[in-house]
Amino acid sequence: MVGESRKWLILVASIWIQAFTGTNFVFSSYSTSLKSVMGISQVQLNYLSVASDMGKAFGWCSGISLLYFPLWLVMFIAAFMGLIGYGLQWLVIQKIIFLPYFLVFLLCLLAGCSICWFNTVCYVLCIKFFPANRPLALSLSVSFNGVSAALYNLIGNSINPNDDTLYLLLNAIAPLITSLVALLSIARQHIPDALPPDAARSEMVIFLYLTALAVVTGLYLLLLNSLSLNASIAPILLAGAMFLLFLPLITPGILYAQKWASRTIHSSFNLINNDDFEVHRELMESETPCTDDILNSGSYNSKEKEGSCKNLLFKDNLMVLGEEHSARFLIHRWDFWLYYIAYLCGGTIGLVYSNNLGQISESLGYNTEVSTLVSLYSGCSFFGRLLATTPDFLHEKTCYPRTGWLALALVPTTIAFFLLSLSGSKTALVASTSLIGLSSGFVFSAAVSITSELFGPNSAGVNHNILITNIPLGSLLYGLLAALVYEANIGNSNEAVLKDGRMVCMGRNCYFETFVWWGCISLFGLASSSLLFLRTKAGYERFTKHKRKTSFQLLTT
């Protein structure tokens, strides 16, 4: 029982780490000040954003480091990378030190790498301690990464609401403080004993409680964050947010209460017939989530695989889920490239939008709303990540392909960009930011499970790192497109305005062409994800039929 309770404390520690290490969400909050202090152009500022995203391409280093160092040490390496990367940038923006542009570029690269190392720590913790409900633990933990901007906004407004440069300092020290707080739980790791057959089902009660609490936390931060501009109210709101983040600590108490109630009811009433209980237990063993049953895909023999090649919608599409793909085999599959394009034109383009949110708001005349919009994007990204748990909660009723959920999740992004191109109103900006945050959050959270389902769980670490190479690529291409359009409009005397000693672009034309291009690109991503869904649908349906057939056989025996 002690080990079983401790693993929930480790999940709480993972949630805290994610909540305070989503530092890439607040780039827009200080990007304008960084641009002004360094005297750089919009194109050069975009390259700094790309550098942060390029850090994610080195996420594989964290996986290798875990082979030689304990997990808590890897966590602190990530914290110190962020401390150096963001801390020196803060000294630059405060004009305490001067660094050339190239060194600032490297600092952004180091800071972006720290985020991936923190993510790796959380992924390993969830996979290690929750093998039966791995997708739920991962999605719940990763979702809290989306509230980072709102939390940082509350902390910043509590200290000094007029200092945008404060976010860089918070980016440097908040993850380090969180690592120190989480150290006790992580350092004292104790692998729990093997779960009894019905334990995976009983864990769902705890996950439902934590998910409900996450929804309350997200709504609290999303709805009340705008009030934090008042310096006297911000500390009160921050205290409430911290209280909600500490509430999951009562999870072990709920676990003990659940065990006690189960024993009491069973001993007092004994309403369950032993024979019926055995059948029920076998059913629970067979009705595991889609992502867990995929691990058993080897049960499909070679004859079944050959028979599944009939009546294909397209040539060489996946018919069996969970088959392991080496990197060489992966890049020769059409399904992977459709998936790559869907991610590149869906989730990545949403991330680029958030990086440009500061300049977009300024050009439309809403520069005082930047922090609110960043918090809104972050909060909606949080709810999008939580929605990614839907397939796992509904696995007993339906096993609708996760690739189908991915296609549906990309629809809001397309709508949002065309809405921005049609209107420059504040309502359109708020609505579009919400839709893009919701959509990209779902994609980021669901991607790990999709990679595992389509290309094998054992190879997911390598294959997912190959997939996310599209993040720096998309950041460079989409960001450069936006920067070039922005700079071109500065050359137009009707759009250029002198502000704080620098020329800025003001008006809808600054980003109009960018929104049209981004909308067309996201539409292409939607088409790619829809084709991926059609190609993989047969594999998911075949898996569902196999599971239901197994369940029926258990009922009739």
Side-chain angles (χ1 to χ4, degrees), residues 25-36 40-50 53 344-374 376-378 380-381 412-440 474-500 502-525:
F25 283 107
V26 295
F27 178 79
S28 295
S29 298
Y30 61 84
S31 59
T32 302
S33 299
L34 186 64
K35 176 183 177 182
S36 177
I40 58 179
S41 66
Q42 185 66 26
V43 174
Q44 291 174 307
L45 181 66
N46 174 69
Y47 288 147
L48 295 182
S49 173
V50 172
D53 292 331
L344 175 67
C345 300
T348 299
I349 203 169
L351 181 62
V352 175
Y353 171 81
S354 70
N355 289 339
N356 284 269
L357 197 51
Q359 279 65 48
I360 292 172
S361 303
E362 182 184 55
S363 67
L364 295 175
Y366 308 121
N367 54 306
T368 58
E369 305 291 333
V370 175
S371 296
T372 302
L373 289 170
V374 170
L376 177 65
Y377 176 89
S378 174
C380 290
S381 175
T413 296
T414 304
I415 296 174
F417 283 129
F418 285 118
L419 177 61
L420 284 170
S421 64
L422 293 174
S423 174
S425 66
K426 183 178 178 180
T427 302
L429 182 61
V430 170
S432 299
T433 300
S434 302
L435 290 173
I436 295 172
L438 193 70
S439 178
S440 58
S475 182
L476 174 62
L477 296 178
Y478 305 148
L480 184 60
L481 170 65
L484 291 175
V485 172
Y486 184 93
E487 294 289 344
N489 280 284
I490 287 183
N492 185 345
S493 59
N494 295 327
E495 305 292 339
V497 175
L498 184 63
K499 182 178 179 182
D500 298 331
R502 60 188 177 91
M503 298 299 294
V504 298
C505 183
M506 298 294 294
R508 282 190 59 200
N509 288 336
C510 299
Y511 281 92
F512 172 75
E513 292 181 41
T514 299
F515 292 146
V516 173
W517 275 105
W518 284 356
C520 294
I521 291 170
S522 63
L523 190 61
F524 183 66

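Keep in mind that this is a model prediction, so the values were computed, not measured. The chain is numbered in sequence order, starting from 1.
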Shortest non-hydrogen separation from [X] to [Y] and the atoms involved:
| X | Y | result |
| --- | --- | --- |
| L435 | A416 | CB-CB, 4.0 Å |
| S363 | Y511 | OG-CD1, 3.6 Å |
| T413 | S439 | OG1-OG, 2.8 Å |
| S432 | L419 | OG-CD2, 3.5 Å |
| N489 | N509 | ND2-O, 3.1 Å |
| G479 | V352 | N-CG1, 3.8 Å |

Interatomic spacing from [atom1] in [X] to [atom2] in [Y] - rounded to 0.5 Å:
| X | Y | atom1 | atom2 | answer |
| --- | --- | --- | --- | --- |
| N356 | S31 | CG | OG | 8.0 Å |
| Y377 | L438 | OH | CG | 10.5 Å |
| T433 | Y353 | OG1 | OH | 3.0 Å |
| E487 | N46 | CD | CG | 10.5 Å |
| C505 | I360 | SG | CD1 | 11.5 Å |
| L34 | S49 | CG | OG | 11.0 Å |

Next item on the list: Start with the C-alpha distance between L477 and L344, add both sets of side-chain angles, then the distance that settles side chain to side chain contact (heavy atoms under 4.5 Å, CB included), and finish with yes or no.
Entry: CA-CA 11 Å; L477 296 178; L344 175 67; 6.0 Å; no
Find out whether [X] and [Y] are in side-chain contact, i.e. whether some heavy atom of one side chain is under 4.5 Å from a heavy atom of the other.
| X | Y | result |
| --- | --- | --- |
| F417 | I436 | yes |
| L351 | S440 | no |
| L376 | S434 | yes |
| Y478 | C345 | yes |
| V43 | Y486 | no |

Do any side-chain atoms of residues 512-524 form donor-acceptor pairs under 3.5 angstrom with protein atoms, and if so which ones, sequence neighbours left out?
{"unit_1": "S522", "atom_1": "OG", "unit_2": "T414", "atom_2": "OG1", "d": "3.3"}
{"unit_1": "S522", "atom_1": "OG", "unit_2": "W518", "atom_2": "O", "d": "3.2"}
{"unit_1": "S522", "atom_1": "OG", "unit_2": "G519", "atom_2": "O", "d": "2.8"}

Next item on the list: Answer yes or no: is there a donor N or O on one side and an acceptor on the other, between the side chain of S36 and the main chain of S33, under 3.5 Å?
Entry: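 Between the backbone of S33 and the side chain of S36 there is no qualifying donor-acceptor contact (under 3.5 Å).
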Notebook entry, point to check: Within the distance-only criterion (no hydrogens, no angle test), does the side chain of R508 pair as donor or acceptor with the backbone N or O of S421 below 3.5 angstrom?
Noted result: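 Yes; judged by distance alone, with no hydrogens or angles, the pair exists.
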Notebook entry, point to check: Pairs in or reaching into residues 351-360: which pass salt bridge (charged side-chain N to carboxylate O under 4.0 Å, His left out), with residues at least two apart or in two chains?
Noted result: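 Counting only pairs at least two positions apart or across chains, no salt bridge (charged side-chain N to carboxylate O under 4.0 Å, His left out) contact touches residues 351-360.
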